[in-house]
Amino acid sequence: MTDAPTHAADTGTDEADEAADRKVVEQEQAEIKGFVKGLSADDIKSGNWFTKLAAHAMNSYTEKVDWQYFQDRYAGVPADAIVDQRIKMAARYAALEGGLSAGAYTATVAATIGSLGGASPATVPAAVATMMVDVAFVTQLQLRLAYDISVLYRVPLDVHDPEDLWKLIRVAFTVKSGEAANKTVVKAVPALVRPLVKRFYSNSVLTAGKALPVVGKHLLQRNVIKIGIPLVGVPLAVLLNRYTTLLAGRHAQAVFRNEARVIELAENLSKRSRHPQLMLWVAWLVIRANRKIADDEALLMRHLVRVVRERHEVVDEQLAHLVDIDPAEVWERIEAEPGDLSDLVDAADRVAAVDGDVNAREKAVISELRDRCRRA
């Protein structure tokens, strides 16, 4: 996102001021042009442009944009409502920029990419530079949008941490292991143009993008579509920019909202627990009732350990070094604990449900836990 100017979209007005939006887009586009001028042909061909853009897009932005930043603008508004407005605003910006950029597109650009070479920015053809302004604009927009959504849902991300940065990239661009870029693009565009997009993806014009790194290849292929289909470049650019940005925003919302839900559950369990250390053992026993650990279960356990450490100052080294959990050891710990243990049963029920329906193995563990807590 840009530096979140206050205009019709920010104030919740139904009819956005298109002139104000266009001005914002043109200002951001001018800044992106300066970035693209500094790229060499090798940067584009190798995919290094994405590495440079990630730093360019996020370093100063994350210093300005935090929870308080949005509170100052949307005080008292629920996160879901703000996220919805941010996604719609980003999609509108992306569509406007697509219309501005696409007029300069030609079908020869795709073939030109494959022949790029050299370290000097001067060696980058003007048509390719125009395309890269569009690619960089939309890439930066979607990266910042995903970050905004993580902030709004209070999901902590440190873009200077490689693991967190890669997480943000995966979420922003819906990068999934083994998923081809064309699948994402086809899902993103309206049904009317999907057959056209599918046919274009089978064309050899994309051969030039094969050697690019995973993310660079993903993003380049998505944008090459807009310049390689005769006669429909401008409307398709508008549609693709809009729909891929909506897709990115909705995906980021789903991911970060779910993580916020899990974090909230971890905090509530920690707050309500009268036996925080024993609760960790019970939670892990329930999670390990199955052979596989679901992503939401792993996420819950990570945050549960963190909040118990922060709230109760409990760090269980034995649990941290555990490979296989022995139910008998958990039962011994329960039998050694006096008083009301109903909070442990409640915690077990909530942990089992974090990834959806409670299965038979989880139910069996919880049933055994309930019986033993009654006898304790």
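Because the structure is a prediction, the values reported are computed rather than measured. Numbers here simply count residues along the sequence, with the first being 1.
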Is any side-chain heavy atom of [X] closer than 4.5 Å to a side-chain heavy atom of [Y]?
| X | Y | answer |
| --- | --- | --- |
| Val77 | Phe70 | no |
| Leu285 | Pro327 | yes |
| Ile263 | Arg154 | no |
| Leu53 | Leu143 | no |
| Leu322 | Ile325 | yes |
| Gln140 | Glu31 | yes |
| Thr139 | Trp49 | yes |
| His275 | Asp343 | yes |

Restricting to pairs with a member in residues 262-271, which pass side-chain hydrogen bond (donor to acceptor under 3.5 Å, both in side chains), not counting sequence neighbours? Ser270-His312
Between Arg350 and Arg272, does a side chain to side chain contact (heavy atoms under 4.5 Å, CB included) hold up when you go through it step by step? CA-CA 12 Å; Arg350 292 171 179 269; Arg272 296 172 183 174; 2.8 Å; yes
Sequence neighbours excluded, which residues qualify as salt bridge (charged side-chain N to carboxylate O under 4.0 Å, His left out) partners of Asp80? Arg257
Heavy-atom neighbours of Asp357 CG exceed 12 at 6.0 Å: no
Does Asn59 have more than 12 heavy atoms from other residues, nucleotides or ligands lying within 6.0 Å of its CG? yes
Would you sort out whether Glu368 and Arg372 count as a salt bridge (charged side-chain N to carboxylate O under 4.0 Å, His left out), showing the intermediate values? CA-CA 6 Å; Glu368 177 75 10; Arg372 289 182 178 272; 2.6 Å; yes
Determine, stepwise, if the pair Val308 / Gln277 fulfils side chain to side chain contact (heavy atoms under 4.5 Å, CB included). CA-CA 8 Å; Val308 165; Gln277 186 168 10; over 6 Å; no
[X] (side chain) donor-acceptor with [Y] (main chain) under 3.5 angstrom:
| X | Y | value |
| --- | --- | --- |
| Arg274 | Asp340 | yes |
| Ser150 | Tyr147 | yes |
| Glu362 | Asn359 | yes |
| Ser367 | Lys363 | no |
| Asn241 | Ala94 | yes |

Could you tell me whether [X] and [Y] have a side-chain N and a carboxylate O separated by less than 4.0 Å?
| X | Y | value |
| --- | --- | --- |
| Lys52 | Asp43 | yes |
| Glu313 | Arg309 | no |
| Arg250 | Asp84 | yes |
| Arg144 | Glu28 | yes |
| Asp158 | Lys167 | no |
| Glu310 | Arg306 | yes |

Return yes if a side-chain donor-acceptor contact under 3.5 Å exists between Glu329 and Gln318, otherwise no. yes
Minimum heavy-atom separation for [X] and [Y], please, with both atom names.
| X | Y | result |
| --- | --- | --- |
| Val345 | Cys373 | CG2-SG, 4.0 Å |
| Ile366 | Ala348 | CD1-O, 3.7 Å |
| Pro156 | Asp164 | O-OD2, 4.2 Å |
| Asp148 | Val65 | OD1-CG1, 3.7 Å |
| Ala172 | Ala248 | O-CB, 3.1 Å |
| Leu165 | Val159 | CB-O, 3.7 Å |

Side chain to side chain contact (heavy atoms under 4.5 Å, CB included) partner of Leu369, chosen from Asp349, Leu341, Val286, Ile334: Ile334
Let me confirm one number: the [atom1]-[atom2] distance from [X] to [Y], rounded to the nearest 0.5 Å.
| X | Y | atom1 | atom2 | value |
| --- | --- | --- | --- | --- |
| Gln29 | Leu96 | CD | CG | 10.0 Å |
| Tyr153 | Ile82 | OH | CD1 | 9.5 Å |
| Leu304 | Glu297 | CG | CD | 12.5 Å |
| Ser40 | Asn48 | OG | CG | 7.5 Å |
| Ile293 | Leu300 | CD1 | CG | 11.5 Å |
| Trp281 | Glu332 | CH2 | CD | 10.5 Å |

Check the pair Val255 / Ile149 against side chain to side chain contact (heavy atoms under 4.5 Å, CB included), numbers first and verdict last. CA-CA 10 Å; Val255 171; Ile149 293 171; over 6 Å; no
Quick one, Gln142 with Phe137, criterion side chain to side chain contact (heavy atoms under 4.5 Å, CB included). Give me CA distance, side-chain angles, the key distance, then yes/no. CA-CA 9 Å; Gln142 294 175 0; Phe137 181 98; over 6 Å; no
Against the six-membered ring of Phe173, is Arg170 placed for a cation-pi contact (under 6.0 Å from the centre, within 45° of the normal)? no
What do the steps show when you test Asp324 against Arg288 for salt bridge (charged side-chain N to carboxylate O under 4.0 Å, His left out), and what is the final call? CA-CA 9 Å; Asp324 290 323; Arg288 293 303 289 151; 5.0 Å; no
